[in-house]
Q: 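For reference, the structure I am asking about is given below.
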Amino acid sequence: MFGKGRRRAARRVQPGDGRPLQRFRWWHLPGRALFHLPLAQDDGRRTVYAIDVRHWQNQSSGNVKARLYLDGRLHAESRIPAAFPVPSGTIEVAMSGFGIKRCHYVTAAGVERQLTPHPASAEGRRARLDRDHPALSRWIGLCSLILLLIGAALLVLQIAEPLCGIPAIASRLGSFESPVRLPLWLNIALGAGAALGSMERALRLRYNWLLTSMATSEGLVTVTRSNHGAEPAERAGGGDAHTATGALMAGWCR
């Protein structure tokens, strides 16, 4: 995403006012991400950059900002996605609907390096789990991926059935009936599992646009089904098909 938008992101950068970096508190865990980058200046001095993102803010309003601190003082800020120029490179910051998806230092030669999360942050605690208990960390990561894949498979089935109920599509492709019929409570549970899987991956800055979009759409379709009944394909007309399709497109466009 930064290949074409790096210049546009750089133009959004505003100078900071020098305020001190707020200490990370335990109650910041759900909605704050903090990363650090030790870096040598052109004159040889060693400085520390920090990226502070309060992602509890409303993302859809465009008000989520990344703040760049230099040695504990606010140096610059920008709306996300952000690209902060620093010595010999750029710090790039981006978010998905589930958390930080990118916080990397990119050198002028194109070499990328992820910033180090603050030990007290959710990302830092997840990194410590990976460092101290690698086997457990791998199992958690595998479970997250499985939940996402299950959610993606169910979403395809839930979208395909109402889509094939649209007359224009049914005349070309024929009708389709999902071979999987799950109770509403299980649909909700699997949708929540897919969302948790995406959140866990976001703590490791693992991002795949297709899996994340499908996890978002799975939640939207589950809400639609809970509001309109567990079997939207059985209703007359194409209203639910359009609702489900709209939910899918809303998730992909995020």
Side-chain angles (χ1 to χ4, degrees), residues 1-2 20-41 45-56 64-73 75 80-84 86-107 109-152 192-212 215:
M1 65 170 294
F2 280 94
L21 176 63
Q22 184 181 6
R23 182 179 177 183
F24 197 99
R25 304 289 187 176
W26 65 266
W27 56 82
H28 294 157
L29 273 172
R32 184 186 181 191
L34 183 59
F35 294 83
H36 296 283
L37 174 69
L39 205 60
Q41 297 284 355
R45 291 185 301 110
R46 191 166 184 82
T47 57
V48 177
Y49 287 92
I51 292 290
D52 189 9
V53 181
R54 309 299 177 99
H55 51 78
W56 51 265
V64 179
K65 290 185 177 181
R67 293 179 170 87
L68 176 69
Y69 289 80
L70 174 58
D71 290 336
R73 296 287 176 176
H75 182 66
I80 289 179
F84 296 104
V86 294
S88 302
T90 305
I91 296 177
E92 299 178 350
V93 187
M95 285 190 65
S96 71
F98 295 96
I100 302 294
K101 69 178 181 181
R102 182 172 178 80
C103 191
H104 286 67
Y105 170 61
V106 184
T107 68
V111 179
E112 297 187 1
R113 188 173 101 207
Q114 182 179 312
L115 274 65
T116 303
H118 190 282
S121 68
E123 292 83 1
R125 292 169 189 262
R126 182 63 182 86
R128 185 166 65 249
L129 174 66
D130 184 63
R131 184 175 59 251
D132 296 344
H133 306 282
L136 176 60
S137 176
R138 285 194 297 270
W139 273 107
I140 293 175
L142 179 61
C143 289
S144 298
L145 181 59
I146 290 173
L147 287 172
L148 277 172
L149 292 175
I150 292 174
L196 287 174
S198 291
M199 292 171 65
E200 191 278 329
R201 286 171 59 84
L203 293 179
R204 295 181 285 129
L205 275 65
R206 299 289 191 271
Y207 175 77
N208 179 281
W209 72 268
L210 181 59
L211 288 177
T212 302

Q: Is a side-chain N or O of Ser144 found less than 3.5 angstrom from the main chain of Ile140, in a donor-acceptor match?
A: yes

Q: Which atom names give the shortest non-hydrogen contact between Leu148 and Arg201, and what distance separates them?
A: CD1-CD, 3.2 Å

Q: Considering only heavy atoms from C-beta outward, does the side chain of His28 approach that of Leu34 to under 4.5 Å?
A: no

Q: Quick one: do the Thr107 and Arg113 side chains pair a donor with an acceptor below 3.5 Å?
A: no

Q: Taking His104 for its side chain and Val106 for its backbone only, find out whether a donor-acceptor pair lies under 3.5 Å.
A: no

Q: Say whether, by atom type as modelled, one donor and one acceptor occur between the side chain of Arg128 and the main chain of Pro119 under 3.5 angstrom.
A: yes

Q: Looking at side-chain heavy atoms only, is the closest gap between Arg102 and Glu112 below 4.5 Å?
A: yes

Q: How close do Leu29 and Ser121 get, heavy atom to heavy atom, and via which atoms?
A: CD2-C, 3.6 Å

Q: Taking side chain as C-beta onward, heavy atoms only, is Ile51 less than 4.5 Å from Ile100?
A: no

Q: Say whether, by atom type as modelled, one donor and one acceptor occur between the side chain of Thr90 and the main chain of Glu92 under 3.5 angstrom.
A: no

Q: Just by distance, no angles: are the side chains of Arg67 and Gln22 close enough, under 3.5 Å, to form a donor-acceptor pair?
A: no

Q: Drop me the distance from Trp139's CH2 to Ile146's CD1, to the nearest 0.5 angstrom.
A: 7.5 Å

Q: State, to 0.1 Å, how close Ala202 and Phe98 come at their nearest heavy-atom pair, and which atoms those are.
A: CB-O, 3.6 Å

Q: Flag the pair Asp130 / Arg126 as yes when at least one side-chain heavy-atom distance between them is below 4.5 Å, and no otherwise.
A: yes

Q: Locate the shortest heavy-atom distance separating Phe24 from Arg32; write the atom from each residue and the value.
A: CA-NH1, 3.4 Å

Q: Can you name the closest pair of heavy atoms from Val64 and His55 and give their distance?
A: CG1-CA, 4.4 Å

Q: How long is the span from the CG atom in Leu68 to the OH atom in Tyr49, to the nearest 0.5 Å?
A: 7.0 Å

Q: For a 4.5 angstrom cut-off between non-hydrogen side-chain atoms, does Arg206 reach Glu200?
A: no

Q: What is the minimum heavy-atom distance between Ile80 and Ala94, and which atoms define it?
A: CG2-CA, 3.9 Å

Q: After noting the C-alpha distance and the side-chain angles of Asp71 and Arg73, does the key distance pass the salt bridge (Lys or Arg N to Asp or Glu O under 4.0 Å) rule?
A: CA-CA 6 Å; Asp71 290 336; Arg73 296 287 176 176; over 6 Å; no

Q: Show your reasoning for whether side chain to side chain donor-acceptor pair (under 3.5 Å) applies to Ser137 and Arg131.
A: CA-CA 8 Å; Ser137 176; Arg131 184 175 59 251; over 6 Å; no

Q: State the CG-OG1 distance between Leu37 and Thr47, to the nearest 0.5 angstrom.
A: 8.0 Å

Q: Could you tell me if the side chain of Val93 sits less than 4.5 Å from the side chain of Phe35, heavy atoms only?
A: no

Q: I need the Met199 CE to Leu203 CG distance, nearest 0.5 Å.
A: 7.0 Å

